[in-house]
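Step one of this worksheet: look at the structure below.
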Amino acid sequence: MDQPVRVRYAPSPTGHLHIGGARTALFTYLFARQRGGQFILRIEDTDLGRNVSGAAEEFYNGLRWLGIDWDEGEDVGGPYGPYRCTERMDIYREHIERLLGEDKAYYCYCTEEELEREREEQTAAGQTPKYSGRCRHLTPEQRAAYEAEGRSHTVRLRVGEGEKIEFRDEVRGEISFESDGNDFVIVKSSGMPTYNLAVVIDDHLMKITHVTRGEEHISNTPRQILLYRAFGWEEPIFAHFNLILNEAGKKLSKRDESILQFISQYRDLGYLPEAILNFLALLGWSPDTEEEIFSKQDIIERFSFDRVNKSGSIFDQKKLAWMNNHYFKKADLGEIVALCVPQLQRAGLLPEQLDEARQQWAKTLVALNQDKMNCAADIVPLTELFFRDEPELEGEGRAVLAEEGVPKVLEAFARQVEAMDDAAYTADAIKGAIKAVQAETGAKGKGLFMPIRVALTGQTHGPDLNETIWLLGRVKALKRLREAASGKLG
RNA sequence: GGCCCGUUGGUCAAGCGGUUAAGACACCUCCCUUUCACGGAGGUAACGGGGGUUCGAUUCCCCCACGGGUCACCA
């Protein structure tokens, strides 16, 4: 049998969990769960300057919210810790010493300015920028001289030229490179390992079997393979997922504002995590059936790397909205109410504390709109009219109210409503009242319902009228009817 | 520019030598409904180009074009 699968998601804590990262984590997680393996979360914080405090916690929260859990990580522990680069410095040091000792790596005293100038000159001369190798063969005297100057050093890996570097990618097949003799930096002058060094050491020591990540890392892979070779370690299996693109077809950047790209934004808008997980799974991966609504468990059972798409996927917010709407319709009303009430509270439409009656009222309000919402935040524009003093009359509505016989209908209905006491004011009673108006005035169909709807809501469309009128409340309904009947509206 | 990867409708995508080239989102039409939405029934719309290989290419190979990724002491 195959050795047990161990995979990891290793974000750098420099910002929020975004769609691309979540999707990478998801694919990795799905693979682990499907194969009964371990999913590890590691924090790659080697860039001290860019680390954002609290970012790691945000990753944890976002991932858990989506339904992704892990077996090892700094918050849950595990036998291969620590799970954060900055806490693994002793480990790195030891491995760097080894490379240095075997003369597979060397100190480089070039300053960033010198290197930049070198690159500029090469670029100006039409050459591909590449490290000159100036410090490659420094004598002990030269080194001592640099040290005496107070120069700091980096460590570079010796890279041969023309060495074949081939690997089999689980999603793209064979990929091959040729080493270019460009000695790359593996330890920064600060003493911190660079990403490439840290991942290789960590992945190896944590016994990672499959290295999964976005396509943008393909070009890092040959360098990492060189490192595996330098250490004499067996390479893991690689899998690079396609990129998620914005509407312009470009890789999502953190500054991109054309799209909502942070998981927290969707959570705040009241999306359902199951919908996002479902949608993300289908972005770059497809099952072998025509269905597309899947629970996490369904996806775990079906997932495989060979059905991951090779070309980039444009993130379609409209389809996500549709999918979330689909999950909304299937969800328990109670769950949707719990999502919508805070939205209304945040908009200042509902008080922080709801009494029993108000709670019941809110439940009906949400129930009436449950299948219209793409996300919980939609409840606000959808139901705003219930909270206003005056309905906002649309152009079409104005035309409806201007029709002949409308005041008579509205007055008749107003009398009906007035005759009810508060206890008798129910959706059923309202239905009966409208019937009575029909009998009295002879108005029917559109000519009956539409004026009432417009007078009360200002709109020519909306959910069930009886429920709507009940939600409005007797007093407000009466007031609006009278105003519309007397032509005061609009 | 070098290296690497990719290219099926507007979007997500199925297809893995022979198909009327699926399905979904979006859009349009119709039905249902007092209205909107939901739901139902339809519709518009795609294999980047050129060479091969083959009886036969969307599918395999090559070239080109286009798109993207990456070329840091960022990950």
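Residue numbering restarts at 1 for every chain, and letters A, B, ... go by the order of the sequence lines.
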Are the side chain of A:Arg223 and the backbone N or O of A:Asn196 linked by a donor-acceptor pair below 3.5 Å?
no
For the side chain of A:Gln370 and the backbone of A:Phe328, is there at least one donor-acceptor N/O pair under 3.5 Å apart?
yes
Using a heavy-atom cut-off of under 4.0 Å over every strand shown, decide if A:Ser12 touches base, sugar-phosphate, or nothing.
sugar-phosphate
Which comes earlier along RNA chain B counting from the 5' end, the contact point of A:Arg172 or that of A:Val308, where each point is its nearest nucleotide?
A:Arg172
Across all strands, who's sitting opposite B:C71 as a Watson-Crick or G-U wobble pair, both distances under 3.5 Å?
B:G1
Distance only, no hydrogens: is a donor on one side chain within 3.5 Å (strictly under) of an acceptor on the other, for A:Glu149 and A:Tyr109?
no
Students often get this wrong, so: under 4.0 angstrom with heavy atoms, is A:Cys85 touching a base, only sugar-phosphate, or nothing?
nothing
Identity of whatever pairs with B:C27 - Watson-Crick or G-U, under 3.5 angstrom
B:G43
Summary of protein contacts for nucleotides 31-37 of chain B, nucleotide by nucleotide, where a base hit scores B, a sugar-phosphate-only hit scores S (4.0 Å, heavy atoms):
---BBBS
Pull out every residue in residues 309-317 of chain A that has a heavy atom closer than 4.0 Å to any atom of RNA chain B, ordered by number, or say none.
A:Asn309, A:Lys310, A:Ser311, A:Gly312, A:Ser313, A:Ile314, A:Asp316
Are there over 12 heavy-atom neighbours, none belonging to A:Glu392, within less than 6.0 Å of that residue's CD?
no
Give me the distance, rounded to whole Å, that separates B:G15 from B:A22 when you measure between the C1' atoms they each carry.
8 Å
Any strand: nucleotide that pairs with B:C38 via Watson-Crick or wobble, under 3.5 Å
none
Looking at every strand, decide which applies to A:Glu44 at a 4.0 Å heavy-atom threshold: base, sugar-phosphate, or nothing.
sugar-phosphate
A:Asn246 side-chain N/O to A:Gly249 backbone N/O, donor-acceptor pair under 3.5 Å
yes
Are any of A:Lys188's side-chain N or O atoms less than 4.0 Å away from OP1 or OP2 of B:A75?
yes
Within this structure, what is the CE-to-P distance between A:Met323 and B:C12, rounded to whole angstrom?
14 Å
Under a 3.5 Å cutoff, is there a donor and acceptor pairing between the side chains of A:Asp183 and A:Tyr106?
yes
Donor + acceptor pair across side chains of A:His240, A:Glu215 (<3.5 Å):
no
Protein-nucleotide distance (A:Ile293, atom CD1; B:C12, atom C1'), rounded to Å:
13 Å
Kindly say whether A:Lys310 contributes a backbone atom to a donor-acceptor pair with the side chain of A:Arg172 at under 3.5 angstrom?
yes
Are A:Asp428 and A:Thr426 linked by a side-chain donor-acceptor pair shorter than 3.5 Å?
no
Using only atom types and a distance under 3.5 Å, with no angle test, would you say the side chain of A:Lys408 pairs donor to acceptor with the backbone of A:Ala443?
no
When you compare B:C38 with B:C31, how far apart are their C1' atoms, in angstrom units rounded to a whole number?
14 Å
Under 4.0 Å, heavy atoms only, any strand: does A:Thr46 hit a base, just the sugar-phosphate, or nothing?
sugar-phosphate
Any-strand Watson-Crick or G-U partner of B:C16, both distances under 3.5 Å:
none
In B/S/- notation (B base, S sugar-phosphate only, - none; protein heavy atoms under 4.0 Å), nucleotides 62-70 of chain B written 5' to 3' is ------SSS
Contact class for A:Ser176 vs. all strands (heavy atom < 4.0 Å): base, sugar-phosphate, or nothing?
sugar-phosphate
Ignoring hydrogens and geometry beyond distance, is a side-chain donor-acceptor pair present between A:Arg398 and A:Thr460 at under 3.5 Å?
no
Check this one for me: any side-chain N or O of A:Arg307 less than 4.0 Å away from OP1 or OP2 of B:G15?
yes
Give one of base, sugar-phosphate or nothing for A:Gly284, where a contact means two heavy atoms less than 4.0 Å apart.
sugar-phosphate
Complement of B:U7, any strand, by Watson-Crick or G-U distances under 3.5 angstrom
B:A65
Applying a 3.5 Å limit to both distances, which nucleotide forms a Watson-Crick or G-U wobble pair with B:U58?
none
Write down the atom of A:Ile68, the atom of A:Leu26, and the distance for their closest heavy-atom approach.
CD1-CA, 3.8 Å
Contact class for A:Lys329 vs. all strands (heavy atom < 4.0 Å): base, sugar-phosphate, or nothing?
sugar-phosphate
Check: A:Ser189/A:Thr154 side-chain N/O donor and acceptor closer than 3.5 Å:
no
Whole angstroms only, please: what is the CG-C1' distance between A:Leu368 and B:C38?
13 Å
Atom pair distance, as rounded to whole Å: CD in A:Glu290 and C1' in B:C25:
15 Å
Spacing of A:Met192 atom CE relative to B:A75 atom C1', expressed in whole Å:
12 Å
